[in-house]
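By convention in this document, chain letters (A, B, ...) are assigned in the order of the sequence lines, proteins followed by strands, and residues within each chain are numbered from 1. Values in this document were obtained by computation on a predicted structure and should not be read as measured data.
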Number of protein chains: 2
Amino acid sequence: MSGSRAPTLREVARHAGVHVATASRALNTAQQHLVSEDTRARVQAASAALGYRANAVAQSLRTGTTGTIGVVVADLANPFNASILRGIEHGIQDRGILPLVVETHDHPERMRSAVARLLGNRVDAIVLCAAHTGDEAYVRELARTVPLVLAVRGFGLRLGAGSGDGPAEVLQDDVLGARAAVDHLVGLGHRRIAQLPGNPTISSFVERASGYRAALADHPGVHDLSSGSHASESSVAEGRRLAAELLSREAARRPTALFAHNDLIAVGALDALRAAGLRCPDDVSVIGYNDAPLSDHLDPPLTTVRLPSFELGGRTARLVLEALDGVRESPRSVMLSPEFIPRRSTSAPRLESGS
Amino acid sequence: MSGSRAPTLREVARHAGVHVATASRALNTAQQHLVSEDTRARVQAASAALGYRANAVAQSLRTGTTGTIGVVVADLANPFNASILRGIEHGIQDRGILPLVVETHDHPERMRSAVARLLGNRVDAIVLCAAHTGDEAYVRELARTVPLVLAVRGFGLRLGAGSGDGPAEVLQDDVLGARAAVDHLVGLGHRRIAQLPGNPTISSFVERASGYRAALADHPGVHDLSSGSHASESSVAEGRRLAAELLSREAARRPTALFAHNDLIAVGALDALRAAGLRCPDDVSVIGYNDAPLSDHLDPPLTTVRLPSFELGGRTARLVLEALDGVRESPRSVMLSPEFIPRRSTSAPRLESGS
DNA sequence: TTGAAAGCGGTACCAG
DNA sequence: CTGGTACCGCTTTCAA
């Protein structure tokens with residue numbers, strides 16, 4: 001297999017009876033005008049005849065730019081990340097940039113080694129979608145080494161956003177999303193609600209939690225019955241565990257509505273309800289987050305918060321391109337708004353005696 | 001941002017007071033033994049002090065190997081593909097190989113240009129998960145250019161599998177999966193069934209269709225009420241369209257069970273049933289394919305066929321590594337078996353008069 | 001054990 | 001418009 005070695009530019013040049021330099025010019029659109037019509041044709045013919053394909057490795061070494069960007073993502077199995085990736089790809093493809101995608105599975109050490117590899121491969125820029133709250137110092141330092149765009153996950157304080165230093169960032173307003181969820185529940189009449197929080201080492205969940213609390217503070221009559229615990233990972237199993245904990249309480253201290261930080265956690269909550277002989281939304285309402293595929297076909301269809309993931313990828317791509325082009329005047333911090341999607345997993349609470 | 005240029009080996013060498021060649025040897029584990037204990041320490045200290053990171057581009061150019069493989073996938077939004085990718089990544093990561101992932105969105109031209117780019121980047125091997133039936137000649141030729149592993153999708157005839165030429169392949173037995181689905185339905189008592197086929201330019205769907213027909217041929221009393229049409233893409237909308245077509249028939253010519261080639265198509269069928277005022281499984285049973293995330297939480301939970309996607313990725317990775325190592329004696333064709341997952345979207349057909 | 005030098009496959013500057 | 005040449009950063013033979 002893998003037949004004889006790929007032809008080199010040198011071979012193409014010899015074939016066309018010209019010097020390598022001339023062949024290079026003839027094939028490079030940016031300077032074809034420096035070459036006579038005639039030789040250009042001969043070189044291109046030779047190139048086609050030999051099936052020549054420029055060695056990107058050699059080009060990179062010479063030009064100091066690889067035409068690749070690194071994309072560091074927590075988990076490709078998460079369709080939300082896949083969608084961001086597609087947005088990024090869409091945004092950079094017509095510039096001929098190739099994304100190198102690496103997964104971290106949410107291990108900070110893997111994140112660092114992934115970045116190290118990308119750096120070794122001399123990517124022109126890095127998009128980091130897998131930051132943890134503890135990575136702040138590292139990320140800040142990294143941004144001094146390579147053009148960096150922080151996507152999806154950031155750090156509470158804006159890292160020099162707007163100013164020239166620190167990474168650019170494209171985030172979504174998780175505080176707003178959480179507020180929308182709480183307002184919806186309160187509007188339906190719920191007075192005892194609880195959140196099922198995601199892992200607090202991830203900024204999205206920190207923000208959702210604080211949005212939740214802030215919204216509750218605006219509604220004095222509403223009680224927060226959240227337990228102290230959070231999901232270690234965003235999974236159905238963890239959702240089941242968290243919800244079961246809450247549902248095992250005596251009825252009076254049991255929430256009538258649950259705000260899950262993630263759709264899978266919400267699905268786990270639905271399982272727990274069923275296991276406890278409770279019905280959704282009749283006994284307990286449930287809200288998810290992300291609008292995962294098929295969440296509209298669950299039993300019941302899940303009320304959730306949709307993130308503009310594809311667009312987020314697109315905006316990220318734009319910031320990357322601007323960074324590569326050395327554009328300085330553009331905004332270096334973008335905040336996208338989520339969209340609240342009411343479906344059938346939420347309804348007014350059952351009428352009852354007591355507060 | 002992007003501070004002063006990354007340090008080179010030359011700089012490390014100067015810093016340590018040795019020649020570049022010596023520095024190279026001191027940092028390369030494979031030949032550290034050629035260097036004195038003392039200088040090795042000095043070089044490594046200098047390397048650490050400068051924050052040196054070997055330029056993989058230069059290494060690649062010199063050694064002729066990039067430590068990267070290309071992975072061509074139809075669509076990352078499909079969790080099935082994401083899972084295969086993880087299997088591949090898992091299988092190659094300890095060898096320090098980086099996968100370059102490119103999406104084709106099932107456009108054959110994009111597939112070719114994606115492959116061309118990967119070839120330009122001098123990947124050491126290519127995994128093709130996005131082949132169409134019409135790509136056979138192209139793929140056969142490609143396999144002569146670069147070590148190639150065909151995953152998930154193949155071509156009806158084994159392309160020189162087992163022999164030395166043609167691509168290696170890791171497929172799953174779609175015929176078997178379709179048979180399992182049909183046998184399940186017939187076992188439940190269904191006598192009028194139909195399939196909702198996926199796009200026939202993709203081998204998986206061709207195989208599922210032929211498995212379906214073969215299984216029906218084994219059950220003479222069972223009628224195939226499939227329409228001639230197929231889904232142009234595997235989506236809920238297409239499933240809805242196909243199913244609606246079938247359900248618009250008069251009751252006697254209407255199937256009591258549907259075998260969809262894909263879970264999303266099956267979900268569309270569930271929608272169509274609901275829209276027609278029919279219930280699943282009471283009026284019509286539905287089977288999907290792939291065991292998509294949350295398909296177990298649908299209304300009703302979807303009977304489906306699970307593919308060993310992660311393992312498929314792992315086997316693919318193994319074949320890639322063997323190809324890179326020049327192993328010749330290993331099997332070059334792997335066929336994995338699917339697992340039938342009965343859930344609540346299938347049941348015995350409603351008792352009725354007539355055949 | 002270390003240094004010298006060639007060269008991987010291109011690009012780009014300088015002459016002519 | 002074309003040829004000559006240096007060089008990107010590293011690895012690897014060959015000598016010393």
Side-chain angles (χ1 to χ4, degrees), chain A residues 4-44 46-47 50-68 96 117 119-124, chain B residues 4-44 46-47 50-68 96 117 119-124:
Chain A
S4 48
R5 215 192 61 275
T8 71
L9 183 59
R10 200 154 256 104
E11 287 161 359
V12 172
R14 190 178 320 139
H15 204 81
V18 298
H19 193 260
V20 231
T22 307
S24 172
R25 286 185 283 251
L27 295 176
N28 190 335
T29 39
Q31 30 195 352
Q32 289 183 338
H33 63 273
L34 295 177
V35 165
S36 83
E37 183 78 28
D38 175 60
T39 38
R40 191 195 316 168
R42 273 216 320 293
V43 171
Q44 285 176 341
S47 167
L50 296 181
Y52 172 72
R53 178 170 308 292
N55 185 330
V57 174
Q59 288 178 315
S60 299
L61 181 59
R62 174 64 225 219
T63 62
T65 174
T66 55
T68 60
R117 290 191 62 189
L119 253 22
N121 279 80
R122 296 300 187 265
V123 292
D124 295 335
Chain B
S4 46
R5 217 193 58 278
T8 70
L9 184 59
R10 196 157 258 103
E11 287 161 359
V12 172
R14 191 179 318 140
H15 205 82
V18 298
H19 192 261
V20 231
T22 306
S24 172
R25 287 185 281 250
L27 295 177
N28 189 335
T29 38
Q31 32 196 352
Q32 288 183 337
H33 63 274
L34 295 177
V35 165
S36 83
E37 183 77 28
D38 175 60
T39 41
R40 189 195 317 168
R42 273 215 321 292
V43 171
Q44 285 176 340
S47 167
L50 297 180
Y52 172 72
R53 179 169 310 292
N55 185 329
V57 174
Q59 288 178 315
S60 298
L61 182 59
R62 172 66 224 219
T63 62
T65 174
T66 55
T68 60
R117 291 191 61 188
L119 254 21
N121 278 81
R122 297 299 188 266
V123 292
D124 295 335

Under-4.0 Å side-chain N/O to phosphate OP1/OP2 contact, [X] with [N]:
| X | N | value |
| --- | --- | --- |
| Thr8(A) | dG9(C) | no |
| Gln59(B) | dT11(D) | yes |
| Ser24(B) | dT11(D) | yes |
| Thr63(A) | dA12(C) | no |
| His19(B) | dT2(C) | no |

Contact between [X] and [Y] at the side-chain level, heavy atoms closer than 4.5 Å - yes or no?
| X | Y | value |
| --- | --- | --- |
| Thr8(A) | Asn55(A) | no |
| Val43(A) | Val18(A) | yes |
| Leu9(B) | Leu27(B) | yes |
| Asn121(B) | Thr68(B) | no |

Check your understanding: When you match Ala54(B) and Arg40(A) each to their closest nucleotide on DNA chain D, which lands nearer the 5' end?
Key ->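 Closer to the 5' end of DNA chain D: Arg40(A).
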Without decimals, in angstroms, what is the distance between [X] [atom1] and [N] [atom2]?
| X | N | atom1 | atom2 | result |
| --- | --- | --- | --- | --- |
| Asn55(A) | dG7(C) | CG | P | 18 Å |
| Gln31(A) | dT2(D) | CD | C1' | 13 Å |
| Leu61(B) | dG10(C) | CG | C1' | 8 Å |
| Leu34(B) | dA4(C) | CG | P | 18 Å |
| Gln32(A) | dC1(D) | CD | C1' | 14 Å |
| Leu9(B) | dC8(D) | CG | P | 13 Å |
| Arg10(A) | dT5(D) | CZ | C1' | 11 Å |
| Arg62(A) | dT5(D) | CZ | C1' | 10 Å |

**Study point:** From CD (Gln44(A)) to CD (Gln32(A)), nearest 0.5 Å
**Key:** 5.5 Å
Review point. At under 4.0 Å between heavy atoms, what does Ser60(A) touch on the DNA or RNA strands: base, sugar-phosphate, or nothing?
Key: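 Result for Ser60(A) = nothing.
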Point to revise | Nearest-neighbour nucleotide for the Arg25(A) side chain, dT2(C), dG10(C), dC13(C) considered | key: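 Of dT2(C), dG10(C), dC13(C), dC13(C) is nearest to the side chain of Arg25(A).
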Check your understanding: Among dG10(C), dT2(C), dT5(D), which nucleotide sits nearest the side chain of Thr39(B)?
Key ->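 Nearest listed nucleotide: dT2(C).
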Review point. Quick one: does Arg122(B) reach the base of dG9(C) with a side-chain donor-acceptor pair under 3.5 Å?
Key: no
